[in-house]
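Have a look at the structure below before the remarks.
Nothing here was measured: the structure is a model prediction, and the numbers come from that model. Just so it is clear: chains get the letters A, B, ... in the order the sequence lines come, proteins before strands, and each one is counted from 1.
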Amino acid sequence: MELSEFLARPKLNIEFYKRDVVTVAQNLLNQYFVHKESGSYLIGKIVEVEAYSKIDDEASHSFKGRTKRNASMFLGGGHLYVYLSYGINYCANIVTGEIEAGDAVLIRAVEPVYGVSKMAINRTSNNVVFKEMNRDLTNGPGKFSKAFNINLTHDAENLLGENIFILENYSLREEIISTERIGISKSKNLIRRFYINNSKFVSKR
DNA sequence: GCTAAGATGGACT
DNA sequence: GTCCATCTTAGCC
């Protein structure tokens, strides 16, 4: 698909993000995540997410209240929360709900749809550029952030602005699977991981 | 002040 | 399958 076809779509607006975290998580699937950087675009279709809530969720970074790291979770729907995971990888979240709600949706995987060669360059390690359209390019929260060049400088970014935003794509009817979340030990019983069934870019494990 | 655990990924057996 | 890199936080001395 041409870049102009993506950019003709409307951005998700503040009303979309201000709803409850599980609703937003489910509705983020299939939409186009966009990072515009120095004039070039990286675009991915969101295929896997997890919801985290301050209310009833011990696995959420916000559960015990505000810290320096999680402050942007309290900015209200339509912001980005980026944190450093295991001291190594960045993870990107979409903040939802009202100001001070402390809820957010972790983006676990996207399907690359535009700017794939730049994503492959961003995922270079040991001087080896990643093979394009390999599923390992973006099939995990840290991999997605690296491919889209998202780091702590993007923490608290406003998703209604010009750098990072999400474009509407409601057209396709995909089968959505709901499961327990991955890689956590508390509140494991909550069914708050959602992914598109037929996507090969859904994370492993 | 110290230590353990963590919303992970990559290298290796 | 196992191991480990390395930063933040919480909980305990």
Side-chain angles (χ1 to χ4, degrees), chain A residues 17 20-22 24-26 28-29 33 44 46-75 77 79-97 101-112 119-157 159 177-196 199-205:
Chain A
Y17 296 111
D20 80 88
V21 67
V22 169
V24 175
Q26 292 168 332
L28 277 172
L29 291 174
F33 184 98
I46 299 171
V47 298
E48 180 183 358
V49 296
E50 286 176 354
Y52 288 87
S53 173
K54 182 177 191 301
I55 303 295
D56 58 352
D57 180 3
E58 290 190 84
S60 174
H61 288 172
S62 59
F63 187 71
K64 291 179 178 170
R66 189 192 307 263
T67 65
K68 187 176 180 183
R69 177 177 66 169
N70 70 17
S72 51
M73 285 186 86
F74 295 86
L75 293 176
H79 290 84
L80 200 63
Y81 165 46
V82 182
Y83 70 93
L84 183 59
S85 175
Y86 288 92
I88 300 276
N89 310 292
Y90 298 110
C91 292
N93 299 253
I94 309 300
V95 180
T96 71
D103 292 354
V105 178
L106 172 69
I107 300 185
R108 286 196 59 86
V110 307
E111 176 183 325
M119 295 179 202
I121 291 169
N122 289 341
R123 292 269 283 124
T124 297
S125 65
N126 297 331
N127 235 12
V128 179
V129 177
F130 224 85
K131 188 175 162 71
E132 290 185 24
M133 288 318 279
N134 181 326
R135 67 163 62 182
D136 289 314
L137 190 57
T138 53
N139 68 343
K143 298 176 191 177
F144 158 68
S145 298
K146 183 114 192 276
F148 276 66
N149 199 20
I150 289 171
N151 53 60
L152 289 185
T153 66
H154 305 293
D155 184 39
E157 180 111 5
L159 297 175
I177 309 289
S178 307
T179 73
E180 294 180 349
R181 295 170 295 180
I182 291 177
I184 57 170
S185 60
K186 300 175 200 160
S187 294
K188 269 186 137 162
N189 55 317
L190 298 177
I191 305 299
R192 294 188 182 169
R193 170 173 176 248
F194 308 102
Y195 65 91
I196 293 177
S199 175
K200 75 170 187 175
F201 288 89
V202 168
S203 67
K204 302 170 182 169
R205 289 202 221 197

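- Comparing C:dC3 with B:dA5, their P atoms are spaced 15 Å from each other, to the whole Å.
- Counting non-hydrogen atoms under 4.0 angstrom, A:Leu106 reaches a base of the nucleic acid.
- Salt-bridge check for A:Arg193 with A:Glu48: passed, with a basic side-chain N closer than 4.0 Å to an acidic carboxylate O.
- Side-chain nitrogen and oxygen atoms of A:Arg193 include none within less than 4.0 Å of the OP1 or OP2 phosphate oxygen of B:dA7.
- Checking B:dG10, B:dT8, C:dT9 against every side-chain atom of A:Lys68, the shortest atom distance belongs to C:dT9.
- Partner assigned to B:dA7 is none, using Watson-Crick or G-U wobble distances below 3.5 angstrom.
- When both distances must be under 3.5 Å, the Watson-Crick or G-U wobble mate of C:dT6 does not exist.
- Between A:Arg123 and B:dG10 there is a side-chain N or O to OP1 or OP2 distance below 4.0 Å.
- The side chain of A:Asn89 lies closest to B:dT8 when the candidates are B:dG10, B:dT8, C:dG11.
- For A:Lys143 and A:Lys186, each mapped to the nucleotide of DNA chain B holding its nearest heavy atom, the one lying further toward the 5' end belongs to A:Lys186.
- Rounded to an integer number of Å, the gap from A:Phe144 CZ to B:dA7 P is 19 Å.
- The side chain of A:His61 contributes an N or O atom lying less than 4.0 Å from OP1 or OP2 of B:dA7.
- Contact annotation: A:Lys64 side-chain N/O to C:dG11 OP1/OP2 distance is under 4.0 Å.
- Among B:dA7, C:dA5, B:dG9, the nucleotide with an atom closest to any side-chain atom of A:Ile88 is C:dA5.
- Taking atom CZ of residue A:Phe63 and atom P of nucleotide C:dT9, one finds them 18 Å apart after rounding to whole Å.
- Among the protein residues, A:Asp136 comes within range of no part of the nucleic acid, since none of its heavy atoms lies under 4.0 Å from any strand.
- With 3.5 Å as the limit, one finds no donor-acceptor pair spanning the side chains of A:Asp103 and A:Thr96.
- With 3.5 Å as the limit, one finds no donor-acceptor pair spanning the side chains of A:Ser203 and A:Asn139.
- Between A:Leu137 atom CG and B:dG10 atom P the separation is 10 Å, expressed in whole Å.
- Comparing A:Phe130 and A:Ala92 by the nucleotide of DNA chain B that holds the closest heavy atom to each, the one mapping nearer the 5' end is A:Ala92.
- By the 4.0 Å N-to-carboxylate-O rule, A:Arg181 lies too far from A:Glu50 to be salt-bridged with it.
- Using modelled atom types and a 3.5 Å distance limit, the side chains of A:Tyr81 and A:His61 yield a donor-acceptor pair.
- Taking atom CD1 of A:Ile107 as the reference point, atom P of B:dT8 lies 15 Å away to the nearest angstrom.
- If you take OH of A:Tyr86 and C1' of C:dA5, they are 12 Å apart, rounded to a whole angstrom.
- A:Leu84 places its CG atom 10 Å from the C1' atom of B:dT8, with the value rounded to the nearest Å.
- The base of B:dA7 sits with one of its N or O atoms less than 3.5 Å from a complementary donor or acceptor on the side chain of A:Tyr83.
- A:Arg181 places its CZ atom 14 Å from the C1' atom of B:dG6, with the value rounded to the nearest Å.
- For A:Arg69, whose side chain is taken as the heavy atoms from C-beta onward, the closest listed nucleotide among C:dA10, B:dA11, C:dT8 is C:dT8.
- Considering only side-chain atoms of A:Thr67, the nucleotide from C:dA10, B:dA7, B:dG10 that sits closest is C:dA10.
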> Taking it one step at a time, do A:Phe148 and A:Phe33 satisfy ring-ring contact (aromatic ring centres under 6.0 Å, His included)?
Replying inline: CA-CA 10 Å; A:Phe148 276 66; A:Phe33 184 98; 5.7 Å; yes

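- As a whole-Å value, the separation of A:Tyr81 OH from B:dA7 P is 10 Å.
- Comparing B:dA7 with C:dG1, their C1' atoms sit 23 Å apart, to the nearest whole Å.
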